[in-house]
Amino acid sequence: AQKVTQAQTEISVVEKEDVTLDCVYETRDTTYYLFWYKQPPSGELVFLIRRNSFDEQNEISGRYSWNFQKSTSSFNFTITASQVVDSAVYFCALSASWGAQKLVFGQGTRLTINP
Amino acid sequence: DVKVTQSSRYLVKRTGEKVFLECVQDMDHENMFWYRQDPGLGLRLIYFSYDVKMKEKGDIPEGYSVSREKKERFSLILESASTNQTSMYLCASSIIAGGGTDTQYFGPGTRLTVL
């Protein structure tokens, strides 16, 4: 069975601080995909990144970066120099590479950036 | 850009009513999904469809049914709404990626309250 755990339910930081959102996953598959989505107050999930299990290179996109470590089954997300607009609920998700491509989501982390 | 729309942002229904939630995507995606989102539980898959008139149960199908008569439209049906179906409902779509999992794109969600 697949499982995603986001142990941090809520995080609150002051603007311009760096913040890391943790994601730990469980799967027996050797090939799988990991995702991060952002859900702002408007409610729509916004896709941020997709990573397959064979690509352990870290990814950087502007102030966002992702650290994928298969050895610890983690796919953590860091926001550098946070801004108020980063306030949202962030979800980590996992999918097998075969079958119906279902996503298994973590519980989500509510991030609040205070001015 | 992928556009996934849902018929209502907010919906209030009475216990026992039949409820239809509609989802339309404009990118000719084969796969469509219905999730419900509850605090502390993340998103859970209700049903999905990988082709017209095809459907498969997700993790929590009880009390729900679906219909996919056209490729772009996927409906979620609550045959007899109950208060424990009060939730946020999110629709998503994706293409069928050869040998991999493609990104799911989400609609804005429907917040359903059953009184």
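The chains referred to below are lettered A, B, ... by the order of the sequence lines, with proteins before strands, and numbering in each begins at 1. Keep in mind that this is a model prediction, so the values were computed, not measured.
A single hydrophobic cluster is not seen to contain both Phe35(A) and Met32(B); linkage of ILVMFWY side chains at heavy-atom distances under 4.5 Å, directly or through other members, places them apart. Linking Ile, Leu, Val, Met, Phe, Trp and Tyr residues whenever their side-chain heavy atoms come within less than 4.5 Å leaves Met88(B) and Tyr64(B) in two separate clusters. There is a path of hydrophobic side-chain contacts, each under 4.5 Å, that joins Val19(A) to Phe68(A). Val19(B) and Tyr35(B) fall into different hydrophobic clusters, where Ile, Leu, Val, Met, Phe, Trp and Tyr are joined by side-chain heavy atoms under 4.5 Å apart, directly or via other members. The hydrophobic cluster containing Trp66(A) also contains Val4(A), counting ILVMFWY residues as joined when their side-chain heavy atoms lie under 4.5 angstrom apart, directly or transitively.
Heavy-atom proximity under 4.5 angstrom to chain B picks out Gln39(A), Ser42(A), Gly43(A), Glu44(A), Leu45(A), Phe47(A) from residues 39-47 of chain A.
Expressed to the nearest 0.5 Å, how far CZ of Phe105(A) lies from CD of Gln37(B) amounts to 9.0 Å. Annotation: the span from Phe33(B) atom CZ to Leu103(A) atom CG amounts to 7.0 Å, rounded to 0.5 Å.
For chain A, no part of Gln6(B) is nearby; none of its heavy atoms comes within less than 4.5 Å. For chain A, the nearby parts of Leu43(B) are the backbone and the side chain; heavy atoms of each come within less than 4.5 Å. Arg9(B) touches chain A through its side chain: at least one heavy atom from C-beta onward sits under 4.5 Å away, while N, CA, C and O do not.
For Arg110(A), the CZ atom counts as loosely surrounded, since its 6.0 Å shell holds 12 or fewer non-hydrogen atoms of other residues, nucleotides or ligands. By the 6.0 Å contact criterion, CD1 on Ile60(A) is open, its count of non-hydrogen atoms from other residues, nucleotides or ligands being 12 or less. Counting heavy atoms of neighbouring residues, nucleotides and ligands inside a 6.0 Å radius, atom NZ of Lys70(A) exceeds 12 of them.
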